[in-house]
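Quick caveat, the model's predicted, so the values are computed rather than measured.
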Amino acid sequence: MEAIRVKKLREGALLPTYGTAQAAGADLYACLEAPLTIFPGETARVPTGLALEVPEGCAGLVYARSGLATKRGLAPANKVGVIDSDYRGEITVVLYNHGPEPQTIASGERIAQLIITPVLTPAYMETDRLTETLRGTGGFGSTGK
């Protein structure tokens with residue numbers, strides 16, 4: 001895949017980076033004028049100071065950083081953020097504090113990870129019947145023992 005074009009919208013913004021050579025997600029960084037405290041049960045928008053061009057036919061998926069979620073209780077409020085290929089605005093991560101303590105985010109702190117992935121956009125067709133499968137309508141743990 002070719003390089004993703006990224007525009008810095010404000011001073012102090014950091015380009016996404018990969019923590020290791022084999023990392024699937026690139027880290028996104030907070031770009032704040034002052035530290036931001038997120039209280040328990042609170043949701044806050046954390047700007048990255050970046051806009052980017054997701055290639056046509058792809059989407060940018062914003063996931064939690066496992067360390068931030070498990071150690072500090074901070075994870076994206078919408079679980080997975082979706083950046084469409086035609087969006088050119090600032091990438092903002094909406095973090096929710098699941099923990100019992102206030103958490104403060106500093107500018108330059110890693111707040112989420114970004115994965116660029118191909119997407120399918122099929123047409124949807126109404127029907128009276130779906131093909132049969134062994135599973136059928138079983139869901140919500142129906143395949144567990």
Side-chain angles (χ1 to χ4, degrees), residues 1-33 35-38 40-99 103-145:
M1 176 174 273
E2 61 189 59
I4 302 292
R5 294 170 50 104
V6 181
K7 180 180 179 180
K8 289 185 177 182
L9 302 175
R10 51 181 122 169
E11 196 172 318
L14 300 171
L15 294 181
T17 62
Y18 293 96
T20 68
Q22 301 302 312
D27 291 324
L28 294 174
Y29 298 86
C31 184
L32 300 164
E33 292 181 15
L36 172 66
T37 299
I38 307 171
E42 184 178 82
T43 299
R45 292 174 177 232
V46 184
T48 65
L50 302 175
L52 52 89
E53 287 185 15
V54 173
E56 190 172 336
C58 293
L61 302 179
V62 179
Y63 290 97
R65 291 198 70 255
S66 59
L68 195 63
T70 60
K71 295 176 184 174
R72 297 178 55 197
L74 295 174
N78 55 343
K79 306 306 178 214
V80 178
V82 178
I83 305 168
D84 297 311
S85 64
D86 59 350
Y87 178 67
R88 294 295 183 268
E90 182 174 12
I91 306 305
T92 301
V93 178
V94 182
L95 289 179
Y96 179 80
N97 184 348
H98 293 271
Q103 296 294 326
T104 300
I105 298 294
S107 194
E109 186 171 344
R110 298 176 296 169
I111 54 170
Q113 56 184 324
L114 173 67
I115 295 177
I116 305 295
T117 188
V119 294
L120 301 175
T121 53
Y124 293 90
M125 173 184 72
E126 185 175 352
T127 184
D128 293 331
R129 192 175 2 192
L130 301 175
T131 58
E132 297 289 326
T133 67
L134 288 175
R135 183 177 183 173
T137 59
F140 297 101
S142 66
T143 62
K145 296 188 180 203

For the backbone of G49 and the side chain of E90, can you confirm whether one donor and one acceptor N or O come within less than 3.5 Å of each other? yes

Checking Y29 against S107: is there a side-chain donor and acceptor pair closer than 3.5 Å? no

Donor-acceptor check, side chain of N97 to backbone of G99, threshold 3.5 angstrom: yes or no? yes

Nearest-0.5 Å distance, CZ of residue R72 to NE2 of residue H98: 13.5 Å

Output side-chain donor-acceptor pairs under 3.5 Å for residues 54-66, partner residues at least two apart or in another chain, one line each.
from, atom 1, to, atom 2, distance (Å)
R65, NE, D27, OD1, 3.1

At what distance, to the nearest 0.5 angstrom, does CG of L32 lie from OG1 of T48? 10.0 Å

Between L95 and Q103, is any pair of side-chain heavy atoms under 4.5 Å apart? no

If the test is side chain to side chain contact (heavy atoms under 4.5 Å, CB included), which one of T92, V93, L36 qualifies with R45? T92

Interatomic spacing from CG in L14 to CD in E109 - rounded to 0.5 Å: 12.0 Å

Non-hydrogen atoms of A106 and A30 that approach each other most closely: O-CB, 3.6 Å

Could you check whether any side-chain N or O of K8 sits under 3.5 Å from a backbone N or O of A13, counting only pairs where one atom can act as donor and the other as acceptor? yes

Side chains of I91 and L114: closer than 4.5 Å at any heavy-atom pair? no

Kindly indicate whether the side chain of L130, heavy atoms from C-beta on, has any atom under 4.5 Å from the side chain of T127. yes

Indicate the atoms forming the closest heavy-atom contact of I115 with A24, along with that distance. CG1-O, 3.7 Å

Partners of T37 by side-chain hydrogen bond (donor to acceptor under 3.5 Å, both in side chains), sequence neighbours excluded? T104

Quick one, L9 and P47 - any side-chain contact, counting heavy atoms below 4.5 Å? no

Find the distance between CG (L52) and CG (L28) and round it off to the nearest 0.5 Å. 8.0 Å

Between L74 and I105, is there a side-chain heavy-atom distance shorter than 4.5 Å? yes

